[in-house]
2 protein chains.
Amino acid sequence: MSLPLLPPGSNAERSRAYNRGLVLGHVRRAGASGRAEIARASGLSTQAVSNIIGELVAEGWLYEAGRRTGGRGLPAVTYAIDGAAGTAFGIELRPNAVLCALIDLDGRALYTDRVAVSRADPGHVVQLVSQLLDRALSNSRTKVARVLGAGVVMPGPFGKTGLSGFLTELPGWEGLDAQAMFAEALDMAVTVENDANAAAMAERVSGVAAGLSSYAFLYFGTGIGLGLVSGGTIFRGAFGNAGEIGHVPAPFEGGLRPLEEIASRMALTTALRRAGEAAETVTDLDRLFEQRHPAMMAWIEGARPALSHAVHIVENLYDPEAVIMGGALPARLLQHLTETTPLPSVSVSNRADRNRPRLLAGTAGRMTATHGAAALVINQTLTPSLGLAT
Amino acid sequence: MSLPLLPPGSNAERSRAYNRGLVLGHVRRAGASGRAEIARASGLSTQAVSNIIGELVAEGWLYEAGRRTGGRGLPAVTYAIDGAAGTAFGIELRPNAVLCALIDLDGRALYTDRVAVSRADPGHVVQLVSQLLDRALSNSRTKVARVLGAGVVMPGPFGKTGLSGFLTELPGWEGLDAQAMFAEALDMAVTVENDANAAAMAERVSGVAAGLSSYAFLYFGTGIGLGLVSGGTIFRGAFGNAGEIGHVPAPFEGGLRPLEEIASRMALTTALRRAGEAAETVTDLDRLFEQRHPAMMAWIEGARPALSHAVHIVENLYDPEAVIMGGALPARLLQHLTETTPLPSVSVSNRADRNRPRLLAGTAGRMTATHGAAALVINQTLTPSLGLAT
DNA sequence: AGGATTAAGTCAAACCAATTGAGTTATCAA
DNA sequence: TTGATAACTCAATTGGTTTGACTTAATCCT
């Protein structure tokens, strides 16, 4: 009898873990805070908050950040997160390379690396990753605080999904328990996620989504993916493949075509190649965009309605605080796309009382997904969760 | 300083409430269960489960359901939910009528009622609803167990959404706190939800979604809406309007049109009217469908690609266990639509290892949304939640 | 038939963490 | 200087889970 597993039962220890996350989460969002303030916001008693803060300070997560002046009574002693108190290791597996990054609680990269591989053979990769971790730990310039865990990014979709044979997959990994393999090799907690979700999380830990808890991230990888964060955690759907927007039909030249054949880096590269331009790297793309290369501008023109359509769907189906575009495109191009993509007027997101843009550019860079892999782990320790069933 | 509220802190009492929900949730899904079995599934100790079961039996929620035979050691004493142990009151507000229902934990209707109103004036409606509750309580044939709360269904979208002026809204309620007004008038906990979400929940409490915890529900009301259940609870998005699929463009006669102008009851009625058929009620529609009326069949033909498109989007964006169609259409027509809507092959839901249909017809009926309103409350008491931040 | 094994369940003590209420300290305001 | 206000601490209490020893009842094996 394999019933879906219930969420884990709660006891005193799990309560404490949850409440610790609550305290950390508040300090992360609100900045340096006093005990009483956190108690009010969380519904906990001052005493409980006090005990937890004592523990967090003793363990190095929080440090005393001065007294709050100006008020009426006793000035509050405030505490802030020590960004250097912990780190997370991020790994991104691509068909031809393995990337990794070590980031701290503030999302700052302490170390990054990249190794080209001829084939993404599982056994080989796992061993390589283990070496990369050792290198990262010994070669970081600053002293590395405790490593909270590792995140691994692989191109989705996962499992048996009916999308087999599509270009977004990594050959040789079908049916393997990547999570267990990496956990074993690295000897730490490991989270496996697809690139779009990881990239989305990177923006939350340190990026344009810093203050957001529910948003969608349109990720330009090879194809196009959608990362979803709801209530501060990733929305995965029943089988872990929510956000597979690449195959959704979008308008193109009077007809409908899968979004990833229109608005993806692959589509862009193809269009440029047809025009006689081999653009292999982001730098190439950046140059062509700066030159306002006709083929580039034509691609943008063609992709615009499709992106608008995608934004429309995402807004009305998820009702997010914002939609973010990011990934493996030049920053200026992303910025341009967010500024010129028409925002559908018939959308639940077109609110009268908005005070935030509907469409944002990710702070990205080529390594968003790699950073995101690590960010997954950071976010877990800074966001309370008792684990709901899926 | 209005920071987004943190989820409530956890303490012993909240833990108990959560664990009670866990136990009830297990018994709901798995049927009569013994202490040890629940303990294994929930991660709680047998003793904890034992204490909780003792409490639940004392309060009437569970009853002893015999011993489990056949096993090795001491046969387990099993417990099952007493469906009559609690009830919930559901209210549906329509522009021209107020519907209500009293249902028990198993989703059985103990009482239903319908009152035509000339205008949905808030003050008047609130008073009326209060009277309807009194009537329901005194007129039900069976004795009515404790009322756990009330659910109210109003056509969404809520708040200031940029969709003002659209037909899905209820005039006169803008800017009012319906939740507080009904809670005050009925003197009980009140949940307000849109029709699609409520209908979705009706299918989970007693319907085709009984065993599911993540699914999407395409709801045919006047327009068309999408109700979303994820992990056993409703997915609302950042502002409560997730699932507004009616305005999403869908293919129609070679072009793109908003889905609700193609595949909605309103669209169907309009098409029939053009063909000289005034179909006001579900019975009318049922008759025309049975006759295979040409206008009806033509509408179905036209709606099919749009519905397929909608299913495609929903599957790939939410990756649900199933998509359900239901609402204010004749059961036979719904059944026909689910059987003949082409299922997109390029979808994460087209899994090789599926053992459940991708598309299902709701067990529906005209009063799905009303029942759903009450089902919201039932589901809350039977599904554990510590309240995640939004 | 009878002992060994297995599993469900109870009881009482220990334990963990949050709450409660009384008291302390530091700032502002009159 | 004094009173009001607010943050915080201390110690006792409370609520709920876990732990470990024990009991009970079924099947399995000889």
Side-chain angles (χ1 to χ4, degrees), chain A residues 1 6-24 26-27 30 32-59 62 64-79 384 386, chain B residues 1 6-24 26-27 30 32-59 62 64-79 384 386:
Chain A
M1 188 100 184
L6 286 173
S10 179
N11 58 26
E13 274 158 55
R14 293 191 63 85
S15 280
R16 166 57 70 102
Y18 179 79
N19 290 338
R20 275 173 62 127
L22 229 47
V23 171
L24 282 171
H26 181 90
V27 176
S33 317
R35 298 165 166 77
E37 175 193 343
I38 299 172
R40 275 190 304 268
S42 64
L44 293 169
S45 62
T46 340
Q47 189 54 51
V49 172
S50 202
N51 294 339
I52 290 170
I53 286 186
E55 209 177 88
L56 292 172
V57 168
E59 293 174 20
L62 294 181
E64 208 179 305
R67 285 179 173 265
R68 171 109 64 218
T69 130
R72 214 27 153 82
L74 207 176
V77 181
T78 65
Y79 294 85
L386 268 163
Chain B
M1 188 104 184
L6 287 172
S10 178
N11 58 26
E13 276 157 55
R14 293 189 64 84
S15 281
R16 166 57 71 102
Y18 179 79
N19 290 340
R20 276 174 61 126
L22 230 46
V23 171
L24 282 171
H26 181 90
V27 175
S33 318
R35 296 164 226 271
E37 176 194 343
I38 300 173
R40 274 190 305 268
S42 65
L44 292 170
S45 62
T46 339
Q47 189 54 52
V49 172
S50 202
N51 295 339
I52 291 170
I53 285 187
E55 209 176 89
L56 291 172
V57 168
E59 293 174 19
L62 294 181
E64 209 180 304
R67 285 180 174 264
R68 172 108 65 220
T69 132
R72 215 26 154 84
L74 206 177
V77 181
T78 65
Y79 294 84
L386 267 162

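Chain letters run A, B, ... following the sequence lines, proteins first and then strands; every chain starts at 1.
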Requested in this report: Provide, to the nearest angstrom, the distance between the CD1 atom belonging to A/Ile38 and the P atom belonging to D/dA7.
Outcome: 12 Å
Query raised in the report: To the side chain of B/Thr46, which of D/dG15, C/dA17, C/dT10 is closest?
Result: C/dT10
**Report entry** Distance-only side-chain donor-acceptor flag, A/Arg35 / A/Ser50, under 3.5 Å
**Finding:** yes
Query raised in the report: B/Arg35 has an atom CZ; how far is it from atom P of D/dT17, in whole Å?
Result: 15 Å
Query - OP1 or OP2 of C/dT19 under 4.0 Å from side-chain N/O of B/Asn11 - result: yes
Query raised in the report: For C/dA7, does OP1 or OP2 lie under 4.0 Å from any side-chain N or O of B/Arg68?
Result: no
Report summary line: Judged by nearest nucleotide, the residue sitting upstream toward the 5' end of DNA chain C, A/Leu44 or B/Val77, is B/Val77
Report task. Look at the side chain of A/Gln47 and the base of D/dC8, then say whether one donor and one acceptor between them are separated by less than 3.5 Å. Result -> no
Query raised in the report: Of B/Leu74 and A/Gly34, whose closest DNA chain D nucleotide lies nearer the 5' terminus?
Result: A/Gly34
Requested in this report: Tell me which nucleotide among C/dA17, D/dT17, C/dT10 gets nearest to the side chain of A/Arg16.
Outcome: C/dA17
Query raised in the report: Rounded to whole angstrom units, what separation is found between the CD atom of A/Glu13 and the C1' atom of D/dG15?
Result: 16 Å
Requested in this report: Using whole Å, report how far CZ of B/Arg40 lies from P of C/dT6.
Outcome: 15 Å
Requested in this report: Check every strand shown and say whether B/Asn51 touches a base, only sugar-phosphate, or nothing at a heavy-atom separation below 4.0 Å.
Outcome: base
Requested in this report: Under 4.0 Å between any heavy atoms, over every strand shown, what does B/Ser45 touch: base, sugar-phosphate, or nothing? Just pick one.
Outcome: base
Query raised in the report: Counting just side-chain N and O atoms, does B/Asn19 come under 4.0 Å of either OP1 or OP2 of D/dG16?
Result: no
Query raised in the report: A/Gly73 or B/Arg72: which one's nearest nucleotide on DNA chain C is closer to the 5' end?
Result: B/Arg72
Requested in this report: Looking at every strand, decide which applies to A/Arg20 at a 4.0 Å heavy-atom threshold: base, sugar-phosphate, or nothing.
Outcome: nothing
Report task. Give a yes/no on whether any side-chain N or O of A/Ser15 is located under 4.0 angstrom from OP1 or OP2 of C/dA17. Result -> no
Report summary line: Taken to the nearest whole Å, OH/A/Tyr79 to P/D/dA7 is 14 Å
**Report entry** Presence of B/Arg67 side-chain N/O under 4.0 Å of D/dA25 phosphate oxygens OP1/OP2
**Finding:** no
Report summary line: Between A/Ser33 and A/His26 the two heavy atoms that sit nearest each other are OG-CD2, 3.4 Å
Requested in this report: Assign A/Ala48 to base, sugar-phosphate, or nothing according to its heavy-atom contacts below 4.0 angstrom with the strands shown.
Outcome: base
Query raised in the report: Is the side chain of A/Thr46 donor-acceptor paired with the backbone N or O of A/Ala36 at a distance under 3.5 Å, no angle test?
Result: no
Query raised in the report: Just by distance, with hydrogens left out, do A/Glu55 and A/Asn51 show a side-chain donor and acceptor under 3.5 Å apart?
Result: no
Requested in this report: Mark yes or no for whether B/Asn19, through its side chain, and B/Leu22, through its backbone, hold a donor-acceptor pair below 3.5 Å.
Outcome: no
